[in-house]
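Beneath this line is the structure, given in structure tokens, with notes to follow.
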Amino acid sequence: MQPPVSTAAHPLPLTGVVVTFNEAPRIARCVRSLLMVCAEVLVIDSHSTDGTREAAAAAGARVIERDWPGFAAQKNFAIASAAQPWVLLLDGDEWLTPELAEEIQSEFRRPGGPAFDAYAIPRRNLFLGRELRHGLLGNERIIRLFRNDLRYRDMRVHESFELGNRQVSRLRAGFLHDHEMTLPQYAAKLARYAELSAEEKRRQGKRAHWWDTTLRPAFHFFKNYVLRGGFLDGRPGFILEWMNAGYVRRKYLALGRSGIKNQESGIR
């Protein structure tokens, strides 16, 4: 495949990283936004069947095809494959805003370069055609810009960085994330994440109790829909908070089922 060519007037020592599977309708938008600031964009694809690899290469990315080992492992492989000393990581359904690109450029124009080891960036979530400004997804900040020697912890889902004593700062401008899926598709995604989350908790030796499947989902909904103002996001806000409360219940039900199976098989 042809090597990527940055569209930035002065590309930064950044590798844009994207881990993909069947993101053909969205991947070009993601890659082109990264090329506003990145010297290269690297896409790690897990055998997509919809033309994702071809679309990513046409947009200017370097593409590597690789089996899926899990979220953290795939992202760590991508980071290790980056040619630049800094990494800017997005998902295929996310893209940079011009405001964020300018703020990143400002950080790298500082004397001596960026002053921190990693940066948490606001994620602006679009759900059912509306940007969510409250509730669960209204104030997300996620580390996505970081030095390329950082790695994710070995986790099944909701992976986070091994930061140690690294210094982390925040950026003001955000990137956009559009779920772009039907409600059945979003429900299926939450179901997959619930099983992975239960597996991770099981691996950590945690067990489910009756209040985890009753009180915890109710509190999750109350906290995000009422206390955090999810109701202000209208119908999309209600649907998202209701479905995510169901996700909380489902992951603890899955954890409880695994505990019963272990007891029945004599595993302690």
Side-chain angles (χ1 to χ4, degrees), residues 16 18-37 41 43 45 48-52 55-56 58-59 61 71 88-104 120-144 157-158 170-194 196-197 217-218 220-251:
V18 192
V19 170
T20 60
F21 176 72
N22 285 349
E23 293 284 0
R26 297 164 287 274
I27 190 61
R29 175 184 63 190
C30 176
V31 169
R32 289 170 184 154
S33 76
L34 287 167
L35 286 170
M36 289 192 292
V37 293
V41 175
V43 170
D45 184 73
S48 290
T49 59
D50 67 345
T52 294
F71 288 101
L88 179 57
L89 188 149
L90 293 181
D91 291 336
D93 56 358
E94 299 170 344
W95 66 101
L96 299 188
T97 61
E99 295 79 14
L100 177 56
E102 175 56 35
E103 188 173 2
I104 291 172
I121 305 175
R123 178 160 69 173
R124 297 167 51 190
N125 290 282
L126 306 174
F127 184 71
L128 299 181
R130 178 168 180 165
E131 182 174 349
L132 302 179
R133 300 182 181 276
H134 309 278
L136 178 67
L137 301 182
N139 292 286
E140 276 196 309
R141 288 183 182 270
I142 309 172
I143 294 176
R144 292 296 186 84
V157 70
H158 305 312
R170 294 182 174 186
L171 299 181
R172 294 185 301 276
F175 62 95
L176 288 163
H177 172 219
D178 194 340
H179 290 272
E180 291 187 271
M181 56 180 64
T182 65
L183 290 180
Q185 288 172 331
Y186 186 61
K189 176 182 177 180
L190 290 180
R192 291 193 303 272
Y193 277 32
L196 290 170
S197 182
H220 181 91
F221 180 82
F222 178 75
K223 177 179 68 175
N224 290 292
Y225 189 67
V226 179
L227 298 182
R228 293 181 174 175
F231 65 91
L232 296 171
D233 288 321
R235 177 176 174 270
F238 174 81
I239 292 173
L240 182 126
E241 306 301 356
W242 182 261
M243 292 181 74
N244 276 275
Y247 155 78
V248 172
R249 182 173 186 271
R250 184 164 187 155
K251 71 180 178 182

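Positions are given from 1 along the sequence.
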**OP:** Enter the distance from L132:CG to L232:CG here, rounded to the nearest 0.5 Å.
**Re:** 11.5 Å
Subject >> Contacts of R172 that satisfy side chain to side chain contact (heavy atoms under 4.5 Å, CB included) - sequence neighbours left out >> reply: E103
Original post:
For R26, which residues count as a salt bridge (Lys or Arg N to Asp or Glu O under 4.0 Å) partner, sequence neighbours excluded?
Top reply: E23
Original post:
To the nearest 0.5 Å, how far apart are CZ in R170 and CD1 in I143?
Top reply: 10.5 Å
Original post:
Which heavy atom of A55 sits nearest a heavy atom of I27, and at what distance?
Top reply: CB-CG2, 3.6 Å
Original post:
So do L90 and F175 actually touch side chain to side chain, heavy atoms under 4.5 Å?
Top reply: yes
Original post:
Can you name the nearest heavy-atom pair linking A28 to A59, along with the distance?
Top reply: CA-CB, 3.9 Å
Original post:
Minimum heavy-atom separation for M243 to L183, with atom names?
Top reply: CE-O, 3.7 Å
Subject >> Which atom of V43 lies closest to which atom of A56, heavy atoms considered >> reply: CG2-CB, 4.0 Å
Subject >> Residues in side chain to side chain contact (heavy atoms under 4.5 Å, CB included) contact with N139, at least two apart in sequence or another chain >> reply: none
Original post:
What residues, two or more places apart in sequence or in another chain, satisfy side chain to side chain donor-acceptor pair (under 3.5 Å) together with T20?
Top reply: D45
Subject >> Member of L137, V226, L136 meeting the side chain to side chain contact (heavy atoms under 4.5 Å, CB included) criterion with E241 >> reply: L136
Original post:
Can you tell me how far the NE2 atom of H134 sits from the CG atom of L227, to the nearest 0.5 Å?
Top reply: 14.0 Å
Original post:
Residues in salt bridge (Lys or Arg N to Asp or Glu O under 4.0 Å) with D233, at least two apart?
Top reply: none
Original post:
Under the side chain to side chain donor-acceptor pair (under 3.5 Å) test, which residues partner R228, sequence neighbours left out?
Top reply: N224
Original post:
Can you check whether L89 reaches V19 side chain to side chain, under 4.5 Å on heavy atoms?
Top reply: no
Subject >> Qualifying side-chain hydrogen bond (donor to acceptor under 3.5 Å, both in side chains) pairs with a residue from residues 175-184, counting only residues at least two apart or across chains >> reply: R29-E180, D93-H177, N125-H177, T182-Q185
Original post:
With sequence neighbours excluded, what pairs up with F71 under the side chain to side chain contact (heavy atoms under 4.5 Å, CB included) test?
Top reply: W68, V157, E159, Y193, L196
**OP:** Can you tell me which residue pairs pass the salt bridge (Lys or Arg N to Asp or Glu O under 4.0 Å) test with a partner in residues 132-141, sequence neighbours excluded?
**Re:** R123-E140, E131-R133
Original post:
Roughly how far apart are Y186 OH and L240 CG, rounded to 0.5 Å?
Top reply: 4.0 Å
Original post:
Nearest 0.5 Å, what's the CG-CD1 distance between L88 and I104?
Top reply: 5.0 Å
Subject >> Partners meeting ring-ring contact (aromatic ring centres under 6.0 Å, His included) with Y225 (sequence neighbours left out) >> reply: F221, F238
**OP:** Looking only at non-hydrogen atoms, find the nearest pair between K251 and S197 and report the distance.
**Re:** CD-OG, 3.4 Å
**OP:** With rounding to the nearest 0.5 Å, note down the distance linking CG in N22 to OG1 in T52.
**Re:** 5.5 Å
Original post:
Sequence neighbours excluded, which residues qualify as side chain to side chain contact (heavy atoms under 4.5 Å, CB included) partners of L176?
Top reply: W95, T97, R124
Original post:
Is there a side-chain contact between L190 and R250 (heavy atoms, below 4.5 Å)?
Top reply: no
Original post:
Shortest non-hydrogen contact from A24 to G51?
Top reply: CB-C, 4.0 Å
Subject >> Pairing residues for Y247 by the side chain to side chain donor-acceptor pair (under 3.5 Å) criterion, not counting sequence neighbours >> reply: H158
**OP:** For residues C30 and V41, determine if any side-chain heavy atom of one lies less than 4.5 Å from a side-chain heavy atom of the other.
**Re:** no
Original post:
Does some side-chain heavy atom of L100 sit less than 4.5 Å from a side-chain heavy atom of M36?
Top reply: no
